[in-house]
Structures are given as structure tokens and as C-alpha cells.
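Quantities reported herein were computed from a predicted structural model and do not represent experimental measurements. Just follow the structure's listing: the first ligand is 1, and inside any ligand the first atom is 1.
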Amino acid sequence: MIFMQNIDKIIEQLVENKNININRDELLQKAFSYPEIKQFLQKHQNELTAENLKISQSKIFEYYQQKLHGSMPGYQPKLFIENGVINIKYQPTSEKISNDQKTAAKRRLQLINIAPAYRNVDLKSIEFDEHRANALSEMANFINKYGKEPVKGLYLAGNFGVGKTYILAGLANSLTKNGKNVVFLHVPTFIAGLSSHFEDNSLQSEIEKIEKTDVLILDDIGAETLSPWSRDDVLGVILQYRMDNNLATFFSSNMSMDELQEHFAHTKNTDESVKARRLMERVHFLSKEVIVGGRNRRQNY
Ligand code: ADP
Ligand code: MG
């Protein structure tokens with residue numbers, strides 16, 4: 001019988017490789033008395049004929065071998081009955097499932113000019129103090145309502161080093177765990193690097209990726225050097241798209257919203273308050289201003 005030959009072959013190999021002195025019957029007996037196998041056989045004894053149990057020996061042996069020397073990391077063998085005989089399926093372990101979910105979540109977060117360490121910030125572990133209480137409770141409010149009812153993003157305004165980027169990173173990681181795609185972009189570096197896209201015509205696709213993502217986080221807006229073009233045809237276009245499509249958008253800035261409007265009005269020494277106001281209307285539409293306070297948490301300060 002073919003199944004029997006399989007077992008004999010495996011045993012032969014085992015004996016050859018490991019120089020062990022065991023015979024087939026002895027090994028099978030060990031397999032049959034292995035607690036989980038014993039339990040399975042007891043539970044299903046009424047479903048297995050003597051003939052089918054014999055046919056199932058190779059699977060029982062395979063299961064036993066996998067349990068002893070599992071050769072498939074991340075998977076666990078499970079016995080089941082199919083067409084009257086025993087078969088094995090390999091199921092991912094809960095550890096593997098959870099790791100796969102984490103990997104998938106990380107893939108949903110795209111950092112553009114943001115330090116990779118921010119991938120590891122967990123919103124739940126961010127300490128709560130009076131200076132950031134507002135920001136964190138608004139964040140919780142957003143997460144509760146997002147996808148269920150219209151809710152604005154946040155504009156975190158506050159001094160350098162108080163933790164604005166850190167808090168937004170916590171938000172980003174929480175959203176990707178829930179299946180959302182997030183682009184987290186450092187505005188000054190992005191704006192300064194725009195010309196690098198000219199050579200290969202990749203600017204259009206870069207902008208599309210940014211404007212279409214489920215959630216967009218614009219970090220450190222106001223610290224960039226704008227030209228009328230980068231203000232109106234890049235930032236302006238992205239924010240308009242977010243607004244027209246009701247897409248969640250967050251900001252962090254060392255400036256208040258009022259200060260940001262001033263910043264937008266002065267590109268390369270020209271005063272364009274009308275255009276600045278138009279851009280700020282989009283920021284206002286998309287987000288709610290929250291002040292973040294507290295000490296500077298950066299080292300060496
Ligand atoms: P901001 O964006 O407001 O300038 P950051 O978010 O960059 O500030 O935070 C400054 C530094 O403090 C970073 O190194 C960050 O990792 C750290 N940091 C901020 N908030 C926390 C926190 N709640 N727990 C631990 N480290 C934090
Ligand atoms: Mg920051």
C-alpha cells in the first residue's frame with residue numbers, strides 16, 4: 001500500500017540520518033500514544049473504520065513528526081477527517097497572524113521624509129498630561145467618529161519639540177492598524193525636494209498618491225520655503241482635492257493658523273494675501289486647531 005511505503009521511507013531516512021535504532025512499529029506506536037493524537041482518535045473513533053485508520057497512518061505519522069520537529073515556522077498542523085480518512089491542514093499560528101497584521105499595517109503607512117522611528121509610536125502609550133490633553137482627546141474623538149460620521153482632522157499648533165510629530169505618528173499607526181492608508185509627509189523637506197521629480201516626470205504621480213490617500217498628515221507646515229508655484233500648484237492642489245473629496249487631513253505646525261496665513265502671503269517677497277486666504281480656507285475646512293504645549297522633549301535642550 002502506497003501510504004505504508006511512505007512511512008517506511010521516512011523511517012528509513014530518519015534512521016539513516018540520525019543513526020537511531022528504531023523500528024517502524026515502535027515509531028507508529030509512539031505517534032499513536034502522543035496525547036493530541038490519542039485525543040483526536042478517541043474523539044473521532046466512530047468516524048474511522050479499521051481500514052481507513054490504516055490508510056491514515058501516514059498522516060498521523062506526519063503530524064507526530066511536525067509536532068516533534070516542526071519544519072514550518074509560523075504554521076501548526078491540525079488533524080481533520082476528510083472522506084473518512086485523516087488529513088492534515090497547516091494553520092498559521094496566532095503569533096504569525098498577529099505578525100502578518102503588523103507587517104500589513106506598516107505597509108499602509110508611507111513616510112515621506114519622516115524618521116522611520118516614528119513607525120513605532122503607539123497612540124495608547126503616549127503619556128497624557130495637561131499640555132496635550134486637548135490634542136489627545138480630540139484625537140480619540142476623531143478615531144471614534146472617523147468612517148461613521150463627518151469629522152475634521154486636526155491642526156496641532158505648538159512650539160518645537162513638544163511632541164506634535166510624535167502624537168501624529170501614534171495616530172497614523174492606529175489608523176493603519178484599522179486598515180487605512182496613511183501618507184505622513186514632512187512638508188519642508190518635500191517642498192525643497194520637488195525639483196528632484198522633474199527629471200523623471202514623477203511629480204504628477206507623487207502628488208496623486210498624496211492627495212488620494214485615506215489619511216494625509218502634513219507635518220511641520222509653515223517651516224517650508226514656498227514659491228508661488230509650490231504654494232498654489234502643489235500645496236493648493238493637494239488641499240483642494242482633499243477638501244472636494246472629504247478626505248481626512250492633519251497638520252502640525254510651529255505656527256498658529258493665523259500665523260500660517262501670514263506665511264502663505266509672503267512667497268519670495270511678494271504679498272499675495274488673497275491667495276493666502278484662499279489656501280487657509282482649505283486648511284480651516286479640513287482641520288480644527290488644537291494647541292499643544294509642554295516642555296521641549298528633544299535631547300540636549
Ligand atoms: P515636535 O514635532 O512638536 O517638534 P516631536 O514630536 O518631534 O516634537 O518630539 C520631540 C522629541 O520628543 C522626539 O524625539 C520625540 O520622539 C520625543 N517625544 C515626544 N513626545 C513624546 C512622548 N509622549 N513620549 C516619549 N517621547 C516623546
Ligand atoms: Mg515635528
Has ligand 1 got any nitrogen or oxygen that is less than 3.5 angstrom from a nitrogen or oxygen of Phe160?
->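 No, since none of the N or O atoms of Phe160 sits under 3.5 Å from an N or O of ligand 1.
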Look only at interatomic distance and state if Ile126 has a nitrogen or oxygen under 3.5 Å from any nitrogen or oxygen of ligand 1. no
Between the side chains of Glu281 and His284, does any donor sit under 3.5 Å from an acceptor?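 No - no donor-acceptor pair under 3.5 Å links their side chains.
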Review point. Between Glu211 and Arg242, is there a salt bridge with N-O shorter than 4.0 Å?
Key: no
So which bit of Tyr118 gets within less than 4.0 Å of ligand 1, heavy atoms only: side chain, backbone, both or neither?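 Tyr118 to ligand 1: side-chain contact only, backbone stays beyond 4.0 Å.
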- request: Select one of side chain, backbone, both or neither to describe which atoms of Arg132 lie under 4.0 Å from any atom of ligand 1, heavy atoms only.
  value: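 Only the side chain of Arg132 comes within reach of ligand 1.
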Item checked: Phe184 ring center within less than 6.0 Å of Phe250 ring center -> no
Determine whether the aromatic ring centres of residues Phe190 and His186 are separated by less than 6.0 angstrom.
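Ring centroids of His186 and Phe190 are no less than 6.0 Å from each other.
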For atom 9 (O) of ligand 1, tell me which residue out of Gly163, Gly170, Ala117 has the closest non-hydrogen atom.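 Comparing heavy atoms across Gly163, Gly170, Ala117, the nearest one to atom 9 (O) of ligand 1 lies in Gly163.
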Check your understanding: Relative to atom 19 (C) of ligand 1, which among Glu127, Lys164, Arg297, Arg298 owns the nearest non-hydrogen atom?
Key ->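 The nearest heavy atom belongs to Arg297.
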Per-atom filter on ligand 1: closer than 4.0 angstrom to a heavy atom of Val162 are 3 (O), 8 (O)
Here the atoms of ligand 1 under 4.0 Å from any heavy atom belonging to Asn159 are 3 (O)
| Taking the six-membered ring of Phe264, is the NZ or CZ of Arg231 close enough (under 6.0 Å from the centre) and on axis enough (within 45°)? | no
task = Describe, in one word, how the ring planes of Tyr118 and Tyr166 are oriented to each other, choosing from parallel (under 30°), tilted (30 to 60°) and perpendicular (over 60°).
result =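 Because their plane-to-plane angle is over 60°, the rings of Tyr118 and Tyr166 count as perpendicular.
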Check the angle between the aromatic planes of His44 and Phe40 and answer parallel, tilted or perpendicular using the 30° and 60° thresholds.
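Answer is tilted, since the angle falls between 30° and 60°.
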*Any Asp219 heavy atom less than 4.0 Å from ligand 1*: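 It does not, in that no heavy atom of Asp219 comes within the 4.0 Å cut-off of ligand 1.
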contact_flag Gly158 ligand 1 heavy-atom lt 4.0 Å | no
### Task
Tell me, please, if Ser252 has any N/O/S atom, main chain or side chain, under 2.8 Å from the Mg ion (ligand 2)?
no
Scanning both residues in full, the closest heavy-atom pair of Ile126 with Arg132 reads CG2-NH1, 3.3 Å
